[in-house]
Participant: 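Handing you a structure now.
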Amino acid sequence: MIKILNVNEVNKDEIFARSVSSANVEDIVTDIIANVRANGDKAIFEYNLKFDKADIDTLAVSDEESAEAFESVSPEFIEILKKAAANIRKFHERQVRNSFIINDEEGIVIGQKVIPVDKAGLYVPGGTAAYPSTVLMDSIPAKIAGVKEVVMVTPPGSNGKINPVILAAAKIAGVDNIYKVGGAQAIAALAYGTESIPKVDKIVGPGNAFVAEAKKQVFGTVSIDMIAGPSEILIIADGKTNPKYAAADLLSQAEHDKMASAVLVTDSAELAVKVSEELEKQIPQLERSEIARASIDNNGKIIVAPDIKSVIEIANEIAPEHLELCLDNPFDYLDSIRHAGSIFMGRNCPEALGDYFAGPNHTLPTSGTAKFSSPLSVDDFVKKTQYTYYTKEALDKVAYDIAYFANQEGLTGHAKSAIIRTEDK
């Protein structure tokens, strides 16, 4: 049963505690990465057999496989995928940054170029569920950014095939190449390349603890989006909130995995009890009830605070991945929410709307990192370079200032490189 905590009766450590994985994955991932770097495809095939029970001899998904998968998916779901993709494109197209140039002083031109990375790697989890939504969310911004090649990796099933809905989403999103590999070995392949899988410049996408650790270890060789932890939802609610809705929304994250965190913060002790009771009714109805039960019992909590101002302060301190603002007139409170990956406004906006359909990205900062990081966006797939042009006349005007500055830092070579040009008449 979910814990109910009153802020006036428990210490802050209990209020703000987060689930922590006890798995020691660092050494295992280090060995996997070293093996993939040394043995390439051979290591990948061995890991596919060991971890996914997939005995395959080709890593790349062929055009024929993709076409067959697309045809096997129901037309109704294809249309839903297309609608979701259109919403995601519409939102992310507004994120595009433009290069700029400043030329408002004679003889001086400065500017910035926005350039997409050449190759982006997209990790799509497999295992206990299929995530076509991740395919759309992570590849569409890359395509909008202008990435030349989007490479997707995802674990095969024991039959050696990729779930058809994953391949259908990839076709709709415009993914260029797909490879059958998951786990830390997939991250290593993207970071260093193998005979079949190209080395990429950036790796994005969620995964389990092994994937997160692998991304951490290869960072610097490649760029990554973030180190994602377990899924999180925090609901801000008052006494008017329907407890059935609140419980259902908590469970929408609890069913992800046993480490997921589902938190309700409210100023209503009565609502806290009703939501707890409703959770007990709804959990047995879920197909993934065992996972949801473990998440709610071990990591779930309902926090009762004296007023909505205190509720919001608690939410900002937790800085959740998903935050539902289940209040009347939610826009009145929007400016008060400083730290959250994605905010869902009002009483009719379940987090699932953001997972699949609305358009804003669902690859979000977790574990409190919303205090300093952002959702995946078009910005993740571009880099910026800057340029400077001065005529001789323009440089002559500032050469002394440059030299003086350089000398203050003890860098006389810097100073001379500016002054020497003024001496050449």
Side-chain angles (χ1 to χ4, degrees), residues 2 4 80 83-84 86-92 94-95 133 136-137 231-256 260-279 281-282 292 296 300-366 370-371 374-377:
I2 197 166
I4 298 179
I80 291 171
K83 289 178 184 177
N87 290 340
I88 295 165
R89 287 192 186 96
K90 181 171 67 174
F91 180 84
H92 289 82
R94 297 295 294 270
Q95 297 175 337
S133 56
L136 300 180
M137 291 287 181
S231 298
E232 302 171 341
I233 186 170
L234 185 147
I235 300 174
I236 290 176
D238 59 14
K240 298 179 185 178
T241 301
N242 187 323
K244 292 182 180 179
Y245 297 174
D249 292 357
L250 290 171
L251 293 174
S252 72
Q253 290 304 292
E255 72 172 352
H256 265 298
S261 172
V263 177
L264 170 68
V265 191
T266 179
D267 62 346
S268 170
E270 182 181 359
L271 178 70
V273 172
K274 289 181 178 179
V275 171
S276 177
E277 292 171 348
E278 190 61 37
L279 285 167
K281 295 176 184 177
Q282 293 189 26
I296 290 296
K301 62 183 77 169
I302 299 174
I303 302 167
V304 181
D307 50 52
I308 291 298
K309 181 181 178 182
S310 301
V311 166
I312 291 174
E313 288 174 355
I314 291 168
N316 278 326
E317 181 61 29
I318 293 173
E321 178 186 18
H322 308 95
L323 186 148
E324 289 189 8
L325 199 52
C326 295
L327 302 170
D328 292 333
N329 306 311
F331 286 94
D332 292 347
Y333 303 92
L334 182 58
D335 288 346
S336 299
I337 305 298
R338 292 182 47 77
H339 306 306
S342 193
I343 304 171
F344 300 85
M345 308 285 288
R347 304 189 190 279
N348 299 297
C349 194
E351 179 276 331
L353 183 63
D355 268 352
Y356 303 116
F357 204 76
N361 210 281
H362 81 188
T363 299
L364 304 168
T366 63
K371 287 186 176 180
S374 308
L376 189 77
S377 72

Participant: Check whether any side-chain N or O of E232 sits under 3.5 Å from a backbone N or O of E321 as a donor-acceptor pair, and report yes or no.
Facilitator: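 At least one qualifying donor-acceptor pair exists.
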Participant: Given side chains that start at C-beta, do those of L264 and I2 come closer than 4.5 Å, heavy atoms only?
Facilitator: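 Answer no - side chains too far apart.
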Participant: What's the separation between atom CG in L136 and atom OH in Y356, rounded to the nearest 0.5 Å?
Facilitator: 11.5 Å
Participant: Between D249 and P350, is there a donor-acceptor pair closer than 3.5 Å when you use the side chain of the first and the backbone of the second?
Facilitator: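 A pair under 3.5 Å: no.
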Participant: To check you understand the geometry: which heavy-atom pair defines the closest contact between E278 and A247, and what is its length?
Facilitator: CG-CB, 3.6 Å
Participant: Give a yes or no answer on whether the side chain of H362 reaches the backbone of D355 with a donor-acceptor pair at less than 3.5 Å.
Facilitator: yes
Participant: If you compare all heavy atoms of S268 against all heavy atoms of V304, which two are closest, and at what distance to 0.1 Å?
Facilitator: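 In terms of heavy atoms, the two residues are closest at C-CG1, 4.5 Å.
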Participant: When you measure from the side chain of T266 to the backbone of A237, do you find a donor-acceptor pair of N or O atoms at a distance under 3.5 Å?
Facilitator: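 The answer is yes, because a donor-acceptor pair under 3.5 Å joins these two groups.
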Participant: Which heavy atom in A319 sits nearest to a heavy atom in A370, and how many Å separate them?
Facilitator: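 In terms of heavy atoms, the two residues are closest at O-CB, 3.8 Å.
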Participant: Would you give the length of the straight line joining atom OG of S261 to atom CD of Q253, rounded to the nearest 0.5 angstrom?
Facilitator: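 Nearest 0.5 Å value for the OG-CD distance: 9.5 Å.
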Participant: Is the CG atom of D332 crowded by more than 12 outside heavy atoms at less than 6.0 Å?
Facilitator: yes
Participant: Give, for atom SG of C326 and atom CG of N242, the distance between the pair rounded to the nearest 0.5 Å.
Facilitator: 10.0 Å
Participant: Could you tell me whether the side chain of D238 reaches within less than 4.5 Å of the side chain of L271, counting heavy atoms only?
Facilitator: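 Result no, sub-4.5 Å side-chain heavy-atom pair not found.
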Participant: Just how far is it from atom CG of L250 to atom NZ of K301, taken to the nearest 0.5 Å?
Facilitator: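 Between L250 CG and K301 NZ, I get 12.5 Å after rounding to 0.5 Å.
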Participant: Do I314 and I303 have side-chain heavy atoms sitting under 4.5 Å apart?
Facilitator: yes
Participant: Mind running side chain to side chain contact (heavy atoms under 4.5 Å, CB included) on V263 and I235 for me, showing each step along the way?
Facilitator: CA-CA 6 Å; V263 177; I235 300 174; over 6 Å; no
Participant: Does a salt bridge link E324 with R347, judged by any charged N lying under 4.0 Å from a carboxylate O?
Facilitator: no
Participant: Considering only heavy atoms from C-beta outward, does the side chain of S276 approach that of I4 to under 4.5 Å?
Facilitator: yes
Participant: Between D267 and K309, does any NZ, NE, NH1 or NH2 come within less than 4.0 Å of an OD or OE carboxylate oxygen?
Facilitator: no
Participant: Test side chain to side chain donor-acceptor pair (under 3.5 Å) on D307 and S310 and set out the steps.
Facilitator: CA-CA 5 Å; D307 50 52; S310 301; 2.8 Å; yes
Participant: Look only at the side chain of N361 and the backbone of M137, and say whether a donor-acceptor pair between them is shorter than 3.5 Å.
Facilitator: yes
Participant: Heavy-atom distance under 4.5 Å between the side chains of I236 and Y333, does that happen here?
Facilitator: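 Not touching, per the 4.5 Å side-chain cut-off.
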Participant: Does Y245, at its OH atom, have more than 12 non-hydrogen atoms belonging to other residues, nucleotides or ligands within less than 6.0 Å?
Facilitator: no
Participant: When E317 is tested against each of H339, K371, R338 for side chain to side chain donor-acceptor pair (under 3.5 Å), which residue passes?
Facilitator: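 Option passing the side chain to side chain donor-acceptor pair (under 3.5 Å) with E317: K371.
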Participant: Could you tell me if the side chain of V273 sits less than 4.5 Å from the side chain of I302, heavy atoms only?
Facilitator: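 Not touching, per the 4.5 Å side-chain cut-off.
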Participant: Within this structure, what is the SG-CG distance for the pair C349 and L325, rounded to the nearest 0.5 Å?
Facilitator: 10.0 Å
Participant: Looking at K240, I want to see if its NZ is surrounded by more than 12 non-hydrogen atoms of other residues, nucleotides or ligands under 6.0 Å.
Facilitator: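 Open: at most 12 neighbouring heavy atoms sit under 6.0 Å from NZ of K240.
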Participant: Might you point out which heavy atoms bring P375 and P365 nearest each other, and give the distance in Å?
Facilitator: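 So the minimum-distance heavy-atom pair works out to N-CD, 3.9 Å.
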Participant: Measure the spacing between CE of M345 and CG of L323 and express it to the nearest 0.5 Å.
Facilitator: 9.5 Å
